[in-house]
Participant: 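Sharing a structure here in structure tokens format.
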Amino acid sequence: KGEKDKAREFRSRALAIITELHASLDREKGDKELVSQLEELYAFMIKEMGRIGLEEDFDALKNIEEIMQKLYEGFKEAAKEFKKLKAEGA
């Protein structure tokens, strides 16, 4: 596969992940400020993915990849902390 094909595939997978994260936000029970910040971030990334697709500006995918990596690390750390708190309370 060529680089553009790989970039399109990454964009498609990333967009699916971001869209699912956006849809799964708990707007009823979640921390309102955190939910609001995540909504804004996901909306920005979805909009940016649309622009990248239209303009085929695949270099801009690097920014999305960096944001997603930071989100992943944050979720991983939160899960670790949750497990620790759960174990202490059990």
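Sequential numbering from 1 along the given sequence is applied to the chain's residues. This is a predicted model, so every value here is computed, not measured. The basis for the numbers below is simple: all heavy atoms, side chains too, and nothing from hydrogens, waters or symmetry mates.
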Participant: Would you tell me whether E65 and Q69 have side-chain atoms, one donor and one acceptor, within less than 3.5 Å of each other?
Facilitator: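 Not at all, the side chains of E65 and Q69 share no donor-acceptor pair under 3.5 Å.
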Participant: For the pair K70 and E66, find out whether any cationic side-chain nitrogen is under 4.0 Å from an anionic carboxylate oxygen.
Facilitator: no
Participant: When the side chains of residues 49-61 are checked against the rest of the protein, which donor-acceptor pairs come out under 3.5 Å, sequence neighbours left out?
Facilitator:
residue: R51; atom: NE; partner: E48; partner atom: OE1; Å: 3.3
residue: R51; atom: NE; partner: E48; partner atom: OE2; Å: 3.4
residue: R51; atom: NH1; partner: E55; partner atom: OE1; Å: 2.7
residue: R51; atom: NH1; partner: D57; partner atom: OD2; Å: 3.1
residue: R51; atom: NH2; partner: E48; partner atom: OE2; Å: 2.7
residue: R51; atom: NH2; partner: D57; partner atom: OD2; Å: 3.1
residue: E56; atom: OE1; partner: R8; partner atom: NH2; Å: 3.4
residue: E56; atom: OE2; partner: R8; partner atom: NH2; Å: 2.7

Participant: So which heavy atom on V35 is nearest to which on L25, and how close?
Facilitator: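 Looking at all heavy atoms of both residues, the shortest contact is O-CD1, 4.0 Å.
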Participant: Please determine whether side chain to side chain contact (heavy atoms under 4.5 Å, CB included) holds for the pair L85 and E88, giving the CA-CA distance in whole Å, both sets of side-chain angles, and the decisive distance to 0.1 Å.
Facilitator: CA-CA 5 Å; L85 290 173; E88 290 173 359; 4.0 Å; yes
Participant: Using modelled atom types only, decide if a donor and an acceptor are shared between the side chain of K86 and the backbone of E81 within a distance under 3.5 Å.
Facilitator: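 Side chain of K86 to backbone of E81, a donor-acceptor pair under 3.5 Å: no, none is there.
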Participant: Do L38 and L71 have side-chain heavy atoms sitting under 4.5 Å apart?
Facilitator: yes
Participant: What's the separation between atom CE in M68 and atom CE in M45, rounded to the nearest 0.5 Å?
Facilitator: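 Nearest 0.5 Å value for the CE-CE distance: 6.5 Å.
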Participant: If you draw a 6.0 Å radius around NZ in K47, do more than 12 non-hydrogen atoms from other residues or ligands fall strictly inside?
Facilitator: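 Counting other residues, nucleotides and ligands, NZ of K47 stays at 12 neighbours or fewer.
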Participant: Is it possible for you to say whether F10 and Y42 belong to one hydrophobic cluster, with membership spreading through side-chain heavy-atom contacts below 4.5 Å?
Facilitator: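 Yes, it is one cluster - the side chains of F10 and Y42 are joined through contacts under 4.5 Å.
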Participant: Mind checking the CG-CD spacing from D5 to E3? Nearest 0.5 Å is all I need.
Facilitator: 9.5 Å
Participant: Can you tell me how far the CD atom of E33 sits from the CD atom of Q37, to the nearest 0.5 Å?
Facilitator: 5.0 Å
Participant: Would you say L41 and Y72 are hydrophobically clustered, going by side-chain heavy atoms of ILVMFWY under 4.5 Å?
Facilitator: no
